[in-house]
Amino acid sequence: MLFDQISNDIKDAMKAKDKVRLTTLRNIKKYFLEAKTAPGANDTLTDDDALKIMQKLVKQGKDTAALYVTQNRQDLADEELAQVAVIETYLPKQMTEEELETAIKEIISAVGATSMKEMGKVMGVATKQLAGKAEGAVISTMVKKLLA
């Protein structure tokens, strides 16, 4: 389970005195513990839910880094991106643009979409099928491109 892997990796990061990795993993574990103790969670956290949390943290980290760059704070942006890199090592490999385009073309033909009016139908199927393999914004851009 990802929860156990993160816990073990925290110990390894402490031994290696890897501050960035340690801080990042502790932050992830904090979010995992919050999810496990949330009402209705019954003290469990599935790997799917754990991946969703980490994907959200990656997106937030990238957004924050972009904001820091616009404020001429590259030092802070680099810190955020270093943490994002640690989190990404736990996520499934992201699809290439070509793989994504092929997958979305298959979804479009399976759904039978022919125009932008049916983007919602395509996005519903695409986001479920490609969860964890591509970011929602990237999926959306590709769907728009292929339906246009």
Exercise. Who are the side chain to side chain donor-acceptor pair (under 3.5 Å) partners of Glu97, not counting sequence neighbours?
Worked result: none

Exercise. Would you say Met142 and Met119 are hydrophobically clustered, going by side-chain heavy atoms of ILVMFWY under 4.5 Å?
Worked result: yes

For this session: Give a yes or no on this: more than 12 heavy atoms of other residues, nucleotides or ligands lie within 6.0 Å of atom NZ of Lys30.
Result: yes

Problem set entry | Minimal non-hydrogen separation, Ala113 against Leu147, with atom names | CB-CD2, 4.1 Å

Exercise. Would you find a donor on one side and an acceptor on the other, under 3.5 Å apart, between the side chain of Asp47 and the backbone of Leu2?
Worked result: yes

For this session: Start with the C-alpha distance between Asp63 and Lys59, add both sets of side-chain angles, then the distance that settles salt bridge (Lys or Arg N to Asp or Glu O under 4.0 Å), and finish with yes or no.
Result: CA-CA 6 Å; Asp63 291 349; Lys59 184 180 181 330; 3.0 Å; yes

For this session: Please identify each residue that fulfils salt bridge (Lys or Arg N to Asp or Glu O under 4.0 Å) with Glu135, with sequence neighbours left out.
Result: Lys62

For this session: Say whether Val111 and Leu100 are linked into one hydrophobic cluster, either directly or through other cluster members, by side-chain heavy-atom distances under 4.5 angstrom.
Result: yes

Problem set entry | Over 12 non-hydrogen atoms of neighbours within 6.0 angstrom of NZ in Lys36 | yes

Exercise. Is a side-chain N or O of Ser7 found less than 3.5 angstrom from the main chain of Phe3, in a donor-acceptor match?
Worked result: yes

Problem set entry | Flag, side chain of Glu118 to backbone of Thr114, donor-acceptor distance under 3.5 Å | yes

For this session: Supply the atom-to-atom distance Ile87 CD1 to Asn27 CG, rounded to the nearest 0.5 angstrom.
Result: 7.0 Å

Seminar exercise, completed: Closest heavy-atom pair, Ile107 versus Ala126, reported as atoms and distance to 0.1 Å, is CD1-CA, 3.7 Å

For this session: With salt bridge (Lys or Arg N to Asp or Glu O under 4.0 Å) as the test, would you mind laying out the steps for Lys11 and Asp9 before giving the verdict?
Result: CA-CA 5 Å; Lys11 292 175 205 158; Asp9 290 351; over 6 Å; no

For this session: Heavy atoms only: give me the nearest Gly136-Met123 pair and the separation to one decimal.
Result: O-CE, 4.2 Å

For this session: Please name the pair of heavy atoms, one in Ala35 and one in Leu45, separated by the smallest distance, quoted to 0.1 Å.
Result: CB-CD1, 3.8 Å

Exercise. About how many Å separate OG1 of Thr24 and NZ of Lys19, when rounded to the nearest 0.5 Å?
Worked result: 13.5 Å

For this session: Spell out, yes or no, whether Leu57 and Ile10 are grouped together once hydrophobic residues are joined by side-chain heavy atoms under 4.5 Å, including indirect joins.
Result: yes

Exercise. Side chain of Glu99, backbone of Thr96: donor and acceptor closer than 3.5 Å?
Worked result: yes

Exercise. What is the minimum heavy-atom distance between Leu51 and Tyr90, and which atoms define it?
Worked result: CD2-O, 3.8 Å

For this session: Please determine, by modelled atom types, if Thr46 and Asp49 share a side-chain donor-acceptor pair under 3.5 angstrom.
Result: yes

Seminar exercise, completed: Of all heavy-atom pairs linking Leu91 and Met54, the shortest is CD2-CB, 3.8 Å

